[in-house]
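Predicted model only: the values in this text are computed from it and were never measured. Every chain is numbered from 1 and lettered A, B, ... according to where its sequence line falls, protein lines coming before strand lines.
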Amino acid sequence: MLASLEGAVISAILVLTAMGLSIVFGVMRVVNVAHGEFFMLGAVLAWVVTTTLGGHPVFGFVAALIVVPVLVGCIAAGADRLILKRVNYDPDRTIVATIGMLYIIQQATLMTYGPEARPVEAPFNTRLSLPWFEFGDEGFQMIWPWGLSITSYKLFVIFAAIAVLIALWIVLTRTKIGLIMRATQQDSDTAQAFGVPVGKVYSWVFGLGAGLAALGAVLVVPIQQAHYLMGGDPLLLAFIVVIIGGLGSLPGTVIAALLIGMSDGIISVFFSPTLAKIIATFLVAMVLVFRPQGLLGRAPS
Amino acid sequence: MLELRDIHASYGQVKVLFGVSLSVAPGEILCLMGRNGAGKSTIMKTIMGQVPAAEGSISLDGKNLHTMPPHLIPKEGVGYIPQGRRLFSELTVAENIEIGLMTRNEGADTREWVLELFPRLRERLSQVAGTLSGGEQQMLATARALCLRPKVLLLDEPTEGLQPSMIELVRQVVVKMKSEGYAIILVEQRVDAVLSIADRVTFIENGKDRETVAASELQSDPTKLTKYLGV
């Protein structure tokens, strides 16, 4: 139970990060190597926002939750205009360009924010003992009988991620913005022939992808601390998830994030985090061998 | 109405158009004919801004199109039915039509008008476009372009790979649009289909317009067809 809840928290963060990567790849055909750095930037900026604002942790955190993804999204959209647009979204050159962005963001953070890992205080962090779920009574501050507990904040992370996913799904399938994004994803030339400003759509999508990573990062800093090198792991895991789920397939990304996050959580608790990473990477290899298009990806026709 | 003057264009390093001039008036069907690789489709793409014009000018009702960002060109009233239809194949029929309507902020009345033209599409509104038959896909591509209520309609090989009854339907729609006053540029390989509906034919050869003749003239004297097309 505890292990699967820990897994669910990891999945929640992972699904947001991987979703950003997946949308960017799906619509723009850009493999964004700098994605992990947008995640890191989100965490670092969350620290900046909460410390400059001061006051009650809830206030600072809510401010960070709103401001940081927008800010990171704007930075990413700017980077898209400035760099990716200039290389005409050529698949090979964008990889090199985003590697460059990775180092620029990482080193700029090191120079300004410094090498320390800094914590952000969680807005609420009540310890919840697990039987609470089973009995369903008011269980705050209950003594945890079997040494098992989860914090209310971690539960909040799970529900926040679900809420964001549902909102994203509604935007993509029910709104004009989503329709424009899906049309651009399928055939950008023809979309342009029907009045879609493809360049602007790309900037928005790149910003949205980075914003999702930043949102995941803001949610994770109260658990993990902000550090300038923290972007590597989420990038690797997000790639694993996107490959297993099928490049550009959003439902596949959700399923794969659950799979990887849960197995990571459960195996980390019972065995070791290293074994969890080994198994995740092994899964990628197996998927690539037996189902190269990913779980829900479509084979190129 | 739509006028191309001395258009030069290239794909990267490869130059394809070497000075194309042509014009089409409202209520007129101009057909572009020429061998494969002559540059017919490229002319269409250059009008849409997908291939930039290196030299020359394109104007619609006196407004320059070649200096506009490509996504604004359809908003001027240019409806494009690309070769191979190029539907948004994973979107539904309704969504494909919606994209067309959004281009020039057309509303429910345009949607009704288009669905009146193609009743078959109304039965399949929630179906994914990629699963339609070839003829239905061509209907949808045409409907999507008509959703703009365009001044100029560009059709690139609309009858490619269709059965005779569908070709007849496409022909009827094109003739109907002409009678409603649309200017139409048609790229077509099938001589019989062209001669029965076109007003004028422009022969394209090696990226240049060689000659423009009235379709009636070709009907009585087909030697030019032999000269430019080898048929």
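- With a 6.0 Å radius and a threshold of 12 heavy atoms from other residues, nucleotides or ligands, B/Lys208 has its NZ atom at or below the threshold.
- Heavy-atom contacts from other residues, nucleotides or ligands closer than 6.0 Å to CZ of B/Arg104 number more than 12.
- Both the backbone and the side chain of B/Arg144 come within contact range of chain A, judged by heavy atoms closer than 4.5 Å.
- By the neighbour-count criterion of 12 heavy atoms within 6.0 Å, atom CD1 of A/Ile177 is sparsely surrounded, having that number or fewer from other residues, nucleotides or ligands.
- Environment of OH in B/Tyr11: crowded, with over 12 heavy atoms of neighbouring residues, nucleotides or ligands closer than 6.0 Å.
- In the displayed structure, A/Lys200 atom NZ is contacted under 6.0 Å by at most 12 heavy atoms of other residues, nucleotides or ligands.
- A/Gln192 contributes no side-chain N or O that, together with a main-chain N or O of B/Pro70, makes up a donor-acceptor pair within less than 3.5 Å.
- The greatest number of non-hydrogen atom pairs below 4.5 Å with chain A, out of B/Lys45, B/Glu98, B/Met102, is found for B/Met102.
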Please assess A/Asp189 against B/Gln50 for the test side-chain contact (heavy atoms from CB on, under 4.5 Å), listing each intermediate value before the final yes or no. CA-CA 7 Å; A/Asp189 274 353; B/Gln50 291 181 3; 4.0 Å; yes
Worked check of side-chain contact (heavy atoms from CB on, under 4.5 Å) between B/Leu148 and A/Phe194: CA-CA 8 Å; B/Leu148 276 68; A/Phe194 285 89; 3.6 Å; yes
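- Neither the backbone nor the side chain of B/Ile73 has a heavy atom closer than 4.5 Å to any heavy atom of chain A.
- Contact between B/Pro74 and A/Gly195 at its shortest, heavy atoms only, is CG-N, 3.3 Å.
- When the shell of 6.0 Å around CZ of B/Arg122 is examined, it contains more than 12 heavy atoms from other residues, nucleotides or ligands.
- Interatomic distance, CD1 of B/Ile99 versus CG of A/Asp187, reported as 10.5 Å (0.5 Å rounding).
- Applying the 6.0 Å contact sphere to CZ of B/Arg120 captures no more than 12 heavy atoms from other residues, nucleotides or ligands.
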With side-chain contact (heavy atoms from CB on, under 4.5 Å) as the test, would you mind laying out the steps for A/Leu179 and B/Leu91 before giving the verdict? CA-CA 9 Å; A/Leu179 184 59; B/Leu91 303 187; 3.9 Å; yes
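- Both the backbone and the side chain of A/Lys176 come within contact range of chain B, each with at least one heavy atom under 4.5 Å from a heavy atom of that chain.
- Shown here for B/His71 and A/Val196, the closest heavy-atom pair between the two residues is CB-O, 3.3 Å.
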